[in-house]
Colleague: 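Please find one structure pasted underneath; my questions will follow.
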Protein chains: 2
Amino acid sequence: MKNRILEAAENRFFQYGYRKATMDEVASDLGISKKTLYIHFKSKDAVAIAVIRALHKDIDKLLKQFSIKIPDPVERLGMMITEVSARLTRIGTLFLADIKKDIPALWRECEDFREKKIFEYGEAILKEGIRKGKVKKDIDTKIAMLVFLGAIHAVIQPEVFVKNPFSIDEAYKNILNIFLKGIQK
Amino acid sequence: MKNRILEAAENRFFQYGYRKATMDEVASDLGISKKTLYIHFKSKDAVAIAVIRALHKDIDKLLKQFSIKIPDPVERLGMMITEVSARLTRIGTLFLADIKKDIPALWRECEDFREKKIFEYGEAILKEGIRKGKVKKDIDTKIAMLVFLGAIHAVIQPEVFVKNPFSIDEAYKNILNIFLKGIQK
DNA sequence: AACTACAAATACTTAATTAGTTTCCATGAG
DNA sequence: CTCATGGAAACTAATTAAGTATTTGTAGTT
């Protein structure tokens with residue numbers, strides 16, 4: 001039951017932001033009462049914290065699997081787009097902006113996860129690529145990671161696909177291609 | 001200035017629904033104060049009414065242009081997907097659900113527009129297709145239009161494109177293809 | 001420097017909404 | 001028939017939002 005609550009809350013929080021999503025709506029989505037909801041969670045804040053921790057745990061698991069199952073650093077970068085960054089993008093800027101004000105500790109936790117896990121994981125992939133002769137030696141891996149994550153964040157959003165005639169798979173391919181090879185002729 | 005207000009309000013209303021979009025947010029998006037906002041519009045309801053009427057007027061104009069410029073009924077159906085129904089879908093179910101409660105007259109106006117303009121316009125296209133021998137005579141044009149508009153409504157939504165590997169143009173083509181030719185081998 | 005017009009920023013009033021709690025009621029199991 | 005459980009609805013207290021009013025800052029003019 002807790003997982004069902006987290007999933008419903010995640011959907012609401014990520015689509016509308018933390019503030020505009022109400023506990024009445026989460027309960028209604030599940031066909032349960034707020035009484036039942038508050039049996040499982042102490043507060044709305046507690047729900048948000050649990051939602052984010054579950055997502056981070058899920059991503060952490062994925063990253064570990066990639067390290068084991070995918071030896072090629074370039075392929076691992078590709079998986080980072082499709083499996084990891086796409087998940088993080090779902091959180092949405094609304095949710096993050098709201099919890100920055102309402103639950104700053106959770107916001108810092110998200111920033112830390114992004115900084116420590118995703119960013120450093122990606123940076124390690126780039127460094128491994130340099131060692132294996134697949135990435136140029138003079139690339140600043142920190143800047144490259146910012147470029148990479150910024151590109152993903154800008155493109156992988158629902159509204160972009162309604163306005164542009166490419167599919168999400170095409171978007172993934174193009175982002176990776178541009179990042180890896182640049183656009184110069 | 002009125003048009004800028006309508007555009008900002010439309011963006012907010014259509015993304016969040018009528019209730020969750022606030023006049024504070026609309027004003028902030030425009031970098032003006034609510035004082036200035038309420039110089040131009042009597043109330044929030046007045047803004048919503050103006051937004052919808054402008055959109056309907058825009059669509060009405062498009063339909064008139066199609067009748068003049070596109071003789072082929074099948075091509076006109078295609079344009080209805082890409083130019084008209086896509087616009088109407090932007091309104092979103094949230095906004096419609098909210099105004100059904102808060103501004104029922106506007107909701108009825110939307111339903112009327114959909115029923116009188118879009119539906120009958122499309123039905124007329126089908127009938128013309130029958131006359132020109134391009135559509136089967138035994139097709140019930142009312143049911144066919146419901147099928148058509150229902151299919152568009154189900155597919156042309158931002159979330160669908162994040163979860164599925166086809167582009168919006170591919171979606172348009174497939175909806176029209178299935179509607180025109182069916183899927184049977 | 002002083003004055004005026006204008007609008008943003010902010011404060012305010014009133015009504016509505018929301019988080020979280022409590023009560024009432026319906027339902028199923030024993 | 002009784003009991004346990006949870007949905008529906010009501011409730012309290014705090015917060016938010018529509019719309020209005022006041023304060024403040026800025027630009028232009030004299």
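In this text, all values refer to a predicted model and were calculated from it rather than measured experimentally. In the text below, chain A, chain B and the rest are named by the order of the sequence lines, each starting its count at 1.
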Colleague: Check whether any side-chain heavy atom of A:Leu180 lies under 4.5 Å from a side-chain heavy atom of A:Leu77, and answer yes or no.
Modeller: yes

Colleague: So for atom CZ, which belongs to B:Arg114, do other residues, nucleotides or ligands contribute more than 12 heavy atoms lying within a distance under 6.0 Å?
Modeller: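 Counting neighbours around CZ of B:Arg114, 12 or fewer heavy atoms of other residues, nucleotides or ligands fall under 6.0 Å, so no.
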
Colleague: What is the distance, to the nearest angstrom, from the CG atom on A:Leu37 to the C1' atom on D:dG7?
Modeller: 12 Å

Colleague: On DNA chain C, nearest-nucleotide positions of A:Ala21 versus B:Ile39: which is more 5'?
Modeller: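 By nearest-heavy-atom nucleotide position, the 5'-most residue is B:Ile39.
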
Colleague: Whole Å only: how far is the NZ atom of B:Lys35 from the C1' atom of D:dG25?
Modeller: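 About 12 Å, once rounded to whole Å.
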
Colleague: Using whole Å, what does the distance between atom C1' of nucleotide D:dG19 and atom NZ of B:Lys44 come to?
Modeller: 12 Å

Colleague: What integer distance in Å separates A:Met23:CE from D:dC11:C1'?
Modeller: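 It is 18 Å, rounded to the nearest whole Å.
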
Colleague: What is the distance, to the nearest angstrom, from the NZ atom on B:Lys101 to the P atom on C:dT17?
Modeller: 10 Å

Colleague: Atom CG of A:Asp98 to atom P of C:dT18: distance rounded to whole Å?
Modeller: 14 Å

Colleague: Please tell me which of B:Lys34 and B:Met1 maps to the more 5' nucleotide of DNA chain C, matching each residue to the nucleotide holding its nearest heavy atom.
Modeller: B:Met1

Colleague: Could you say whether A:Gly31 or B:Asp45 is positioned toward the 5' end of DNA chain D, judged by the nucleotide with the nearest heavy atom to each?
Modeller: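 On the 5' side of the pair lies A:Gly31.
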
Colleague: Rounded off to whole Å, could you give me the CG-to-P distance for the B:Asp24 and C:dA8 pair?
Modeller: 13 Å

Colleague: Yes or no on side chain to side chain donor-acceptor pair (under 3.5 Å) for B:Tyr121 and B:Ser67, after CA distance, side-chain angles and deciding distance?
Modeller: CA-CA 10 Å; B:Tyr121 184 91; B:Ser67 295; 3.2 Å; yes

Colleague: Report yes if a side-chain nitrogen or oxygen of A:Ser33 is closer than 4.0 Å to either non-bridging phosphate oxygen (OP1 or OP2) of D:dA9; otherwise report no.
Modeller: no

Colleague: Hey, what's the ring geometry for A:Phe95 with A:Phe14, parallel, tilted or perpendicular (30° and 60° as the breaks)?
Modeller: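 The arrangement is perpendicular - the two ring planes meet at more than 60°.
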
Colleague: Please report, rounded to the nearest Å, how far the P atom of D:dA14 is from the CG atom of A:Asp102.
Modeller: 17 Å

Colleague: By nearest atom, which of the nucleotides D:dG6, C:dA19, D:dA18 is closest to the A:Tyr38 side chain?
Modeller: C:dA19

